[in-house]
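Note that these values count all heavy atoms, side chains included, but never hydrogens, waters or copies made by symmetry. Every chain is numbered from 1, with letters handed out A, B, ... down the list of sequences.
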Protein chains: 2
Amino acid sequence: MYTMTDNKNLLLRNKATIVYSISLAFLLFLLKWLEIRFIIFDHSFEIYIGAIAVIFTVLGIWLALKLSKPKIETIVVEKEVYVNRNENFVLNASLVSQLELSKRELEILSLLAQGHSNQEITAKLFVSLSTVKTHIQNIFEKLDVKRRTQAVEKAKRLNLIP
Amino acid sequence: MYTMTDNKNLLLRNKATIVYSISLAFLLFLLKWLEIRFIIFDHSFEIYIGAIAVIFTVLGIWLALKLSKPKIETIVVEKEVYVNRNENFVLNASLVSQLELSKRELEILSLLAQGHSNQEITAKLFVSLSTVKTHIQNIFEKLDVKRRTQAVEKAKRLNLIP
DNA sequence: CTTATTTTCATACTAAAGTATGAGGTTTTA
DNA sequence: TAAAACCTCATACTTTAGTATGAAAATAAG
């Protein structure tokens, strides 16, 4: 099966070469034949050359059309998938990676969104207030926001948190 | 104006013809020149004809590439973009009435959810900072919350704001 | 028209959030 | 194994948010 496919590809790939070779052979034969007639009958030299020019131009055009590869144009169609806010939350993992948000940062972002204060977050995660503040600061930088309400709004909009 | 456009289209449409005509004229001149050299110096006839063939083949190829519109093969790629379904937000009017939230309060609640600071809200609504604070205070009481993040979370959960 | 509700605004104060800087320990990656 | 990334924590300070109280104007409802 594979051998069959290979053979088939070989023929297809070299089709133009084969065709041109055969055509050239035929045209050379034609040249010789016309040359003989020219020598014998001494017809107009210009007509002969003109015929050569036209014939080979046509051959060139035909060959170019066969050889040219179709230009591939890719169109990206954005298909909007509507997601109900909480039910079908799908994490935008690529964006999380792009923004370089760590697991801890996402965790804290979630707790912000749930309405917790910094002090409450310390109790939930068993860390100090300054740790929480540091994480929040990092989150703000990565999301390019100034306050927690902005962070939450943006994170939900971008599907970073449910 | 229309006449100008017509003239322009005429030139564009016949561009290939014009180019080919000029090229042919040039090549005929070249032929004549080569012919004269051929007659004078009596070089090989086959080389001369071969040169003609090659030249005109190249011309044909060049012409075809210019003439032919590249075959454009279009590949459509679907990319899924997750969009929150804000369109289907249905205000929980009965609950708004139950909680006795006024229009102004809902308005300010929305701006909170969008991530605005108090000062920013003053600018948007053309009221003073203490007005904003008073409204927010009233919102907190009616929603029984302690901070804006809680208010936003609860309001979205209860479909009070989009 | 009177009353109730809403909106507006101020003041003084406390609490929480946010900023900037520095440092050390742990885990992951190349 | 070294470097990078992540997590943790502290300190000092500024800014914003939140609280309590009071008052007046505007609008809506009875």
Check your understanding: Just how far, in rounded Å, is P of D:dA5 from CG of A:L101?
Key -> 15 Å
Review point. Counting N and O atoms only, with roles assigned by atom type, does the side chain of A:K154 sit under 3.5 Å from a partner on the main chain of A:V145, one being a donor and the other an acceptor?
Key: no
Point to revise | A:N138 side chain to A:R104 side chain, donor-acceptor N/O pair below 3.5 angstrom | key: no
Point to revise | Spacing of B:Q150 atom CD relative to D:dA17 atom C1', expressed in whole Å | key: 14 Å
**Study point:** Nearest-angstrom distance from the residue atom CD1 of B:I108 to C1' of D:dG18
**Key:** 14 Å
Review point. Does A:E105 use its side chain to pair, donor to acceptor, with the backbone of A:S102 at less than 3.5 Å?
Key: yes
Review point. With a 3.5 Å cut-off and no angle check, do the side chains of A:T131 and A:T134 form a donor-acceptor pair?
Key: no
Practice item. Determine, for A:R147 against B:E120, whether the closest basic-nitrogen to carboxylate-oxygen distance falls under 4.0 angstrom. Key: yes
Check your understanding: At what distance, to the nearest 0.5 angstrom, does CD1 of B:I161 lie from CG of B:L112?
Key -> 8.0 Å
Check your understanding: When the distance from NE2 of B:H135 to C1' of C:dA10 is rounded to whole Å, what number comes out?
Key -> 14 Å
Exercise for review: Round to a whole Å and report the spacing from NZ of B:K103 to C1' of C:dT5.
Suggested key: 14 Å
Review point. Can you check the A:E105 CD to D:dT8 C1' distance for me, whole Å?
Key: 13 Å
Review point. Where along residues 118-130 of chain A does a heavy atom come under 4.0 Å from DNA chain D, residue by residue in number order?
Key: A:V127, A:S128, A:S130
Check your understanding: Salt bridge or not for A:E100 and A:K142, using N-O below 4.0 Å?
Key -> no
Exercise for review: Identify whether the distance between the nearest side-chain nitrogen and carboxylate oxygen of A:R157 and A:E153 falls below 4.0 Å.
Suggested key: yes
Review point. Taking only side-chain nitrogens and oxygens of B:R104, does any of them come within less than 4.0 Å of OP1 or OP2 of C:dT8?
Key: yes
Exercise for review: Check whether any side-chain nitrogen or oxygen of A:R147 sits under 4.0 Å from OP1 or OP2 of D:dT16, and answer yes or no.
Suggested key: no
Review point. So, does B:E107 use its side chain to make a donor-acceptor pair with the main chain of B:K103 at under 3.5 Å?
Key: no
Set out, line by line, the N/O atom pairs under 3.5 Å between protein and nucleotides 19-29 of chain D.
{"unit_1": "D:dA20", "atom_1": "N7", "unit_2": "B:Q137", "atom_2": "NE2", "d": "3.3"}

Check your understanding: Given C:dC9, is OP1 or OP2 found less than 4.0 Å from the side-chain N or O atoms of B:T131?
Key -> yes
Practice item. Would you kindly give the CD1-to-C1' distance between B:I136 and D:dA17, to the nearest whole Å? Key: 8 Å
Point to revise | Rounded interatomic separation in angstrom, taking NZ from A:K142 and P from C:dG18 | key: 17 Å
